[in-house]
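Presented below is the structure to which this report refers.
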Amino acid sequence: MLFSNKGINLIVKRGEQFELRDGDEPRASVSSETVIKFWYATYFERPEIAKNSISSVLQQFYDGMNSRNEILSGYFSDMDKTPLYMQMFTAYRIYAVVQREKKIHAAEEFVKSSDELLCYGIFEEYKKSGKTECMDAQIDGWYARVFDNVKELMEKSKADYESDGRTFSYNNFLKNAVCRTKYDAAYGKGKNPAWT
């Protein structure tokens with residue numbers, strides 16, 4: 001309902017189609033798997049796991065809904081008061097900016113593989129800002145900074161690999177926790193604002 005009220009079709013089932021009626025405006029669409037994946041990369045702060053295995057992310061989500069002893073179960077204990085829905089919508093908004101900018105920066109090789117890390121970096125900028133709401137204009141500004149940070153991290157990491165005689169792969173590097181650790185060490189890690 002939250003996504004629908006914001007003019008976005010959230011596709012929950014595979015193959016679900018939305019037909020526009022006469023006079024309807026075209027709407028953005030996103031799958032629930034994508035929203036969960038990028039929520040996990042941002043709010044759960046594990047871009048490497050989100051990149052590496054969507055099935056393990058979805059399994060943790062399912063387990064959290066069905067067992068009190070799972071790591072994500074706190075999000076499902078009181079569904080009327082959970083911040084999960086707004087967090088997912090914010091993660092989607094960050095993801096949407098990254099997708100839009102991906103087309104603009106397509107010449108940069110690392111951009112093809114780094115959606116999760118870019119979203120994570122923007123989320124860290126959001127946390128550092130201390131704001132409790134994430135606006136589109138702010139996301140645009142944070143994207144520019146994070147893009148430069150990720151580009152620099154990739155260039156340094158690639159040079160390190162090559163100086164050691166190892167082959168560098170953006171995709172493999174981004175699936176490793178060392179990528180997030182290096183990003184945090186170089187560009188700082190934000191503190192959690194009071195989520196609404």
Side-chain angles (χ1 to χ4, degrees), residues 1-8 10 28 30 32 34-51 57 60-61 64 71-72 74-76 78 80-106 108 110-157 170 173-174 176-196:
M1 187 61 80
L2 172 64
F3 279 77
S4 182
N5 288 341
K6 303 286 187 178
I8 298 154
L10 181 64
V30 65
S32 58
T34 299
V35 172
I36 290 169
K37 176 181 182 175
F38 285 92
W39 173 86
Y40 198 88
T42 56
Y43 280 86
F44 205 66
E45 300 182 348
R46 292 296 180 267
E48 71 280 2
I49 294 172
K51 174 149 199 72
V57 170
Q60 283 188 35
F61 228 74
I71 195 163
L72 297 178
Y75 282 98
F76 303 102
D78 187 352
D80 290 335
K81 295 181 182 174
T82 185
L84 184 62
Y85 304 118
M86 282 307 296
Q87 289 178 4
M88 286 185 160
F89 183 69
T90 299
Y92 164 76
R93 290 170 63 200
I94 292 170
Y95 163 79
V97 168
V98 168
Q99 293 309 297
R100 182 192 72 217
E101 293 293 323
K102 188 178 198 173
K103 294 173 188 167
I104 296 167
H105 296 101
E108 295 286 351
F110 75 89
V111 171
K112 298 171 192 161
S113 306
S114 58
D115 295 356
E116 295 83 0
L117 184 62
L118 287 165
C119 287
Y120 171 77
I122 293 168
F123 177 71
E124 288 301 314
E125 294 298 320
Y126 168 38
K127 289 192 327 184
K128 284 190 254 182
S129 76
K131 299 190 179 303
T132 57
E133 190 172 345
C134 189
M135 308 305 284
D136 288 343
Q138 295 165 326
I139 297 171
D140 288 336
W142 294 327
Y143 178 88
R145 182 178 312 134
V146 171
F147 176 86
D148 290 341
N149 293 348
V150 171
K151 181 177 180 177
E152 180 180 62
L153 174 67
M154 292 300 155
E155 288 170 353
K156 286 180 180 178
S157 299
Y170 292 112
F173 181 67
L174 289 159
N176 193 316
V178 73
C179 178
R180 175 181 40 85
T181 302
K182 283 185 173 191
Y183 186 90
D184 289 343
Y187 309 107
K189 187 160 174 56
K191 294 183 175 143
N192 287 322
W195 304 119
T196 55

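One is the number of the first residue; the rest follow in order along the sequence. Atom set for the values below is all heavy atoms of this structure, side chains included, hydrogens, waters and symmetry mates excluded.
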Hey, what do you get for [atom1] ([X]) to [atom2] ([Y]), rounding to the nearest 0.5 Å?
X	Y	atom1	atom2	answer
K182	R180	NZ	CZ	13.5 Å
Y143	I122	OH	CD1	7.0 Å
E45	D184	CD	CG	7.5 Å
Y92	L10	OH	CG	9.5 Å

Considering all heavy atoms, the nearest [X]-[Y] contact:
X	Y	answer
K37	A50	CE-O, 3.1 Å
L174	S113	CD1-O, 3.2 Å
C119	V98	SG-CG2, 3.7 Å
K112	A106	CE-O, 4.1 Å

Heavy-atom distance under 4.5 Å between the side chains of [X] and [Y], does that happen here?
X	Y	answer
F173	V178	yes
F44	I49	no
L117	F110	no
S129	Q138	no
E133	M86	no
N5	F89	no
Q60	Y40	yes

*Charged N-O contact under 4.0 Å between K51 and E48*: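 No.
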*Could you tell me whether a side-chain N or O of T34 sits under 3.5 Å from a main-chain N or O of V30, the two making a donor and an acceptor?*
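No, because the side chain of T34 does not come within donor-acceptor range (under 3.5 Å) of the backbone of V30.
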_Using the salt bridge (Lys or Arg N to Asp or Glu O under 4.0 Å) criterion, which residues pair with K102? Sequence neighbours excluded._
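With sequence neighbours excluded, K102 shows a salt bridge (Lys or Arg N to Asp or Glu O under 4.0 Å) to D115, given in chain and number order.
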Would you be so kind as to tabulate the donor-acceptor pairs closer than 3.5 Å made by side chains of residues 147-156, with sequence neighbours excluded?
from, atom 1, to, atom 2, distance (Å)
N149, ND2, Y183, OH, 3.4
K151, NZ, E108, OE2, 3.0
E152, OE1, Y187, OH, 2.6

*Under the criterion salt bridge (Lys or Arg N to Asp or Glu O under 4.0 Å), which of R145, R93, R100 is the partner of D140?*
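Testing each of R145, R93, R100 against D140, the sole residue satisfying salt bridge (Lys or Arg N to Asp or Glu O under 4.0 Å) is R100.
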*Under the side-chain contact (heavy atoms from CB on, under 4.5 Å) rule, collect the residues that match up with A91, sequence neighbours excluded.*
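Counting only residues at least two positions away or on another chain, A91 forms a side-chain contact (heavy atoms from CB on, under 4.5 Å) with W39, T42.
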_Passing candidate, ring pair (Phe, Tyr, Trp, His ring centres under 6.0 Å) with Y43, options F123, Y120, F38, Y85_ =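 Checked F123, Y120, F38, Y85 against Y43; only one passes ring pair (Phe, Tyr, Trp, His ring centres under 6.0 Å): F123.
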